[in-house]
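A quick write-up on the structure given underneath.
In what follows, every heavy atom counts, from backbone to side chain, and hydrogens, waters and symmetry copies are set aside. The first residue in the sequence is number 1, and the count goes up from there. Numbering of ligands and ligand atoms starts at 1, following listing order.
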Amino acid sequence: MEIRENLQRIEEQIGEACTRAGRDRREVTLVAVSKTKPVDMLRSAYEAGARQFGENKVQELTSKIPQLPSDISWHMIGHLQTNKVRQILGKTCLIHSADSIRLVREIEKESARQEQTTDILLEVNVAREESKFGFFLEEVEEALYIMKDFPHVKVRGLMTIAPFVSNAQQNRPVFRKLYQFYVDVKSKNIDNVTMDILSMGMTGDFQVAIEEGATMVRVGTGIFGAR
Ligand SMILES: *Cc1c(COP(=O)(O)O)cnc(C)c1O
């Protein structure tokens with residue numbers, strides 16, 4: 001099927017980008033972004049080997065999970081409203097889109113109530129686009145110092161959605177900037193903050209993101225076709 005071939009091609013392109021950057025392929029995790037796509041297509045991707053799936057809506061995520069094999073790791077990648085936190089806790093391996101202190105406070109509160117720890121990434125609006133959610137780069141460090149006192153939340157790293165551009169090279173400075181920040185913050189060893197995941201790169205620019213240090217890429221169109 002087409003999805004299998006698409007996955008193979010993306011896999012090859014990830015491998016090539018790793019080689020160019022002198023990185024080990026195992027440093028990069030591919031998340032198959034399946035939002036809006038029917039369960040049959042997710043099953044095809046699963047049969048072709050995909051185990052990490054990304055969704056951006058709580059409703060869609062919670063309806064798809066029980067229809068697919070239980071060894072899938074689900075990633076929440078879309079804007080999350082505080083009143084929906086309760087519905088997804090414990091169902092996802094990682095929330096990529098923690099975009100405000102208020103939201104993370106709610107994740108902490110709800111995780112404590114459910115007696116679990118939730119892994120999150122802070123979403124960073126590196127290019128300061130009005131249309132996007134997320135922290136500005138200069139706000140992240142202060143946010144991390146607040147979250148170090150949230151025992152039920154573990155900040156695993158950072159995520160960004162780079163601008164929509166015609167040539168992926170245009171996003172290289174965005175990825176580079178976030179990678180540098182990620183390395184700087186990691187070296188500060190803030191309590192409760194691990195900084196081992198850098199989620200950046202989508203269908204149009206994941207190779208550039210890998211060359212600039214991404215450890216997780218989120219690819220939808222390239223695997224499942226246009227939405
Ligand atoms: C939809 C989406 C993607 C995947 O985008 P493609 O261009 O289809 O690869 C990645 N990340 C986020 C946050 C998304 O919402």
Side-chain angles (χ1 to χ4, degrees), residues 2-14 16-17 28-39 41-42 44-45 48 50-62 64 72-81 84 88 92-100 103-104 107 119-135 156-172 174-175 178-179 182 197-227:
E2 201 184 331
I3 289 180
R4 182 177 292 272
E5 287 152 16
N6 288 347
L7 266 170
Q8 256 163 24
R9 194 187 55 252
I10 300 287
E11 185 51 52
E12 275 167 30
Q13 291 169 341
I14 291 174
E16 287 162 11
V28 181
T29 301
L30 171 62
V31 177
V33 175
S34 48
K35 63 189 187 197
T36 79
K37 297 298 179 185
V39 167
M41 290 182 80
L42 278 70
S44 298
R51 292 294 180 273
Q52 313 278 332
F53 287 82
E55 290 282 342
N56 70 340
K57 295 212 162 73
V58 169
Q59 172 67 44
E60 191 174 343
L61 186 62
T62 53
K64 280 175 173 171
I72 289 176
S73 294
W74 295 94
H75 297 248
M76 176 59 186
I77 62 171
H79 177 61
L80 181 57
Q81 287 170 288
K84 300 215 170 133
I88 64 154
T92 57
C93 64
L94 185 64
I95 297 171
H96 292 228
S97 42
D99 54 16
S100 70
L103 173 64
V104 179
I107 297 173
D119 283 359
I120 67 167
L121 304 179
L122 297 193
E123 179 170 350
V124 187
N125 183 359
V126 179
R128 308 180 73 95
E129 292 176 280
E130 290 230 3
S131 58
K132 293 223 164 91
F133 291 103
F135 295 90
R156 297 286 306 273
L158 306 172
M159 178 274 232
T160 197
I161 304 172
F164 183 77
V165 290
S166 51
N167 176 354
Q169 297 299 336
Q170 291 173 262
N171 278 336
R172 192 178 290 280
V174 170
F175 296 140
L178 192 61
Y179 176 74
Y182 165 83
I197 301 175
L198 184 56
S199 170
M200 58 185 194
M202 317 190 344
T203 298
D205 55 18
F206 70 89
Q207 289 185 293
V208 176
I210 290 169
E211 289 164 17
E212 296 300 331
T215 70
M216 211 171 253
V217 293
R218 311 175 308 267
V219 178
T221 311
I223 297 171
F224 297 103
R227 286 180 297 272

Check your understanding: When you measure from atom 12 (C) of ligand 1 to every protein heavy atom, which one gives the shortest distance, and what is it?
Key -> Ile77 CD1, 3.5 Å
Practice item. Could you tell me whether Lys35 approaches ligand 1 through its side chain, its backbone, both or neither, with non-hydrogen atoms closer than 4.0 Å? Key: side chain
**Study point:** side chain to side chain contact (heavy atoms under 4.5 Å, CB included) partner of Thr215, chosen from Ile210, Ile197, Val28
**Key:** Ile197
Review point. Which atoms from ligand 1 have a heavy atom of Gly220 less than 4.0 Å away?
Key: 4 (C), 6 (P), 8 (O), 9 (O)
Study note, to complete from the structure: The protein heavy atom nearest to atom 11 (N) of ligand 1 is Arg218 NE, 2.8 Å
Revision key, fill the gap. For atom 10 (C) of ligand 1, the closest protein heavy atom turns out to be Met202 SD, 3.4 Å
Review point. Looking only at N/O atoms, are Asn56 and ligand 1 under 3.5 Å apart anywhere?
Key: no
Review point. Can you tell me if His96 has a non-hydrogen atom under 4.0 Å from ligand 1?
Key: no
Exercise for review: Classify the angle between the aromatic ring planes of Trp74 and Phe53 as parallel (below 30°), tilted (30 to 60°) or perpendicular (above 60°).
Suggested key: tilted
Check your understanding: Is a side-chain donor or acceptor of Lys64 paired with a backbone partner of Ser34 at a separation under 3.5 angstrom?
Key -> yes
Practice item. Could you go through the side chain to side chain contact (heavy atoms under 4.5 Å, CB included) check for Leu94 and Met216 one step at a time? Key: CA-CA 11 Å; Leu94 185 64; Met216 211 171 253; 3.9 Å; yes
**Study point:** Exceeds 12 heavy-atom contacts within 6.0 angstrom, atom NZ of Lys57
**Key:** no
Point to revise | atom 8 (O) of ligand 1 [closest protein heavy-atom partner, distance rounded to 0.1 Å] | key: Thr221 OG1, 2.5 Å
Review point. For Gln169 and Val208, what are the C-alpha separation, side-chain angles and deciding distance, and is it a side chain to side chain contact (heavy atoms under 4.5 Å, CB included)?
Key: CA-CA 7 Å; Gln169 297 299 336; Val208 176; 4.0 Å; yes
Revision key, fill the gap. among protein heavy atoms, the one nearest atom 9 (O) of ligand 1 is Thr203 OG1, 2.4 Å
